[in-house]
A.B. asks: 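Please read through the structure below; I'll follow up with questions.
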Amino acid sequence: MADRQTVRGTAIPNIPWEEKPKGCQDVVWRSARNPIIPRDLIPGSNSIFNSAVVPFDGAFAGVFRADDKTRRMVLHSGRSEDGICWKIEHEPIRFVCEDQEIGDFEYGYDPRVCWIEDRYYVTWCNGYHGPTIGVGYTHDFETFHQLENAFLPFNRNGVLFPRKLHGKYAMLSRPSDNGHTPFGDIFYSESPDMRYWGRHRHVMATTNGWQGTKIGAGPIPIETTEGWLLIYHGVLTSCNGFVYSAGAALLDLDEPWKVRYRTSPYILSPQTLYECVGDVPNVVFPVAALCDAPTGRIALYYGGADTVVCLAFTQVDELIDFVMQHSIVPRKQKVGK
Ligand code: BMA
């Protein structure tokens with residue numbers, strides 16, 4: 001069993017939280033208020049989902065994926081007092097970028113937000129001759145600056161670590177293709193300056209079942225005494241198309257490309273109406289996790305059926321115990337090798 005209070009992070013005393021319902025046997029439980037953001041929260045949106053949330057200024061801020069009614073995929077900034085009721089800007093984010101070649105915004109989706117040192121970095125799937133990883137930052141969720149794309153196309157699910165490792169920024173990503181990619185492993189890359197990325201390392205391969213087709217990192221990894229706690233999505237190809245579920249892994253603290261444990265069963269899969277019915281049925285897509293270090297409470301934000309934003313809860317020690325006890329990876333052994 002993991003020791004209690006294993007999170008290396010800060011307190012979020014106002015983290016959204018609901019106790020596990022009586023009789024619930026799962027390690028992750030859904031908010032009774034789901035979906036917390038409906039598809040039409042702002043007038044121009046077809047759908048709002050796969051969105052990133054962080055503590056900000058005693059409250060919460062976020063970057064939201066909102067596909068508009070032309071079905072263009074764009075990013076919006078939002079604020080909330082309680083992490084549940086959101087005010088999302090009606091106009092999409094317009095990134096300030098020094099190089100128009102990069103700054104000509106084609107499309108953006110599946111944002112992640114990560115506080116590192118002095119600012120909030122935003123990564124997202126950015127259209128540049130195909131999907132790749134866009135990188136930007138903000139100090140205030142009003143002005144957003146865009147940096148160089150991290151990688152060549154095609155790539156998705158760029159997820160930063162919340163601190164430098166061995167003096168370098170670190171990112172997980174999932175090399176892809178230009179379509180509805182039928183493959184995909186998670187890789188690790190480093191950068192001295194958030195501009196040039198290298199020292200690429202393979203982290204995790206697909207296995208079978210719910211994570212048999214492709215996998216991708218979800219929220220910013222949570223640092224714990226047991227390793228980096230990574231919640232990720234996995235995809236199964238059914239006769240009715242892709243099914244997106246979520247699992248969790250513990251990555252080595254110093255060398256995160258080494259998987260120490262990884263769940264064999266999923267921790268969350270599409271089962272409710274708002275996860276099974278929508279623009280893309282049967283999708284739970286975890287993107288952000290708030291974690292209150294003193295209590296270990298985790299509030300997990302995920303997209304439901306590519307249509308709405310949902311919230312689920314877990315507790316860090318309980319999740320770590322679950323990952324260790326249901327792991328397909330013997331200690332220090334790599335998956336897929
Ligand atoms: C992936 C991404 C996600 C989406 C998922 C299911 O390729 O596009 O944004 O949630 O497909 O459609």
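Both backbone and side-chain heavy atoms feed into the values below; hydrogens, waters and symmetry mates do not. One-based numbering, in listed order, for ligands and for the atoms of each.
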A.B. asks: Considering heavy atoms of the protein only, find what lies nearest to atom 11 (O) of ligand 1 and give residue, atom and distance to 0.1 Å.
C.D. replies: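 Atom 11 (O) of ligand 1 sits closest to the protein heavy atom Tyr244 OH, 3.0 Å.
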A.B. asks: At the 4.0 Å heavy-atom cut-off, does Arg65 count as touching ligand 1?
C.D. replies: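 Yes, that is the case, since the closest heavy atom of the residue is under 4.0 Å from the ligand.
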A.B. asks: Can you tell me which residue pairs pass the salt bridge (charged side-chain N to carboxylate O under 4.0 Å, His left out) test with a partner in residues 269-291, sequence neighbours excluded?
C.D. replies: Arg30-Glu275, Arg39-Asp279, Arg71-Asp279
A.B. asks: Could an N or O of ligand 1 be found under 3.5 Å from any N or O of Asp306, whether backbone or side chain?
C.D. replies: yes
A.B. asks: If we only count N/O pairs under 3.5 Å, is Tyr109 in contact with ligand 1?
C.D. replies: no
A.B. asks: For the residue pair Phe56 and Phe141, is the inter-centroid distance of their aromatic rings smaller than 6.0 Å?
C.D. replies: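 Ring centroids of Phe56 and Phe141 are less than 6.0 Å from each other.
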A.B. asks: Going by distance alone, is a donor N or O of one side chain under 3.5 Å from an acceptor N or O of the other, for Glu18 and Ser31?
C.D. replies: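 Yes, Ser31 and Glu18 have a side-chain donor paired with an acceptor closer than 3.5 Å.
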A.B. asks: Enumerate the ring pair (Phe, Tyr, Trp, His ring centres under 6.0 Å) contacts for residues 288-308, please, sequence neighbours excluded, ordered by first and then second residue.
C.D. replies: none
A.B. asks: Considering only heavy atoms, does Phe242 approach ligand 1 within less than 4.0 Å through its side chain, its backbone, both, or neither?
C.D. replies: neither
A.B. asks: Which protein non-hydrogen atom lies closest to atom 2 (C) of ligand 1, naming both residue and atom, and how far is it?
C.D. replies: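 Protein heavy atom at minimum distance: Asp110 OD2, 3.5 Å.
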A.B. asks: In terms of side-chain geometry, is the basic nitrogen of Arg8 or Glu223 positioned less than 4.0 Å from the acidic oxygen of its partner?
C.D. replies: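 Answer for the salt bridge query: yes.
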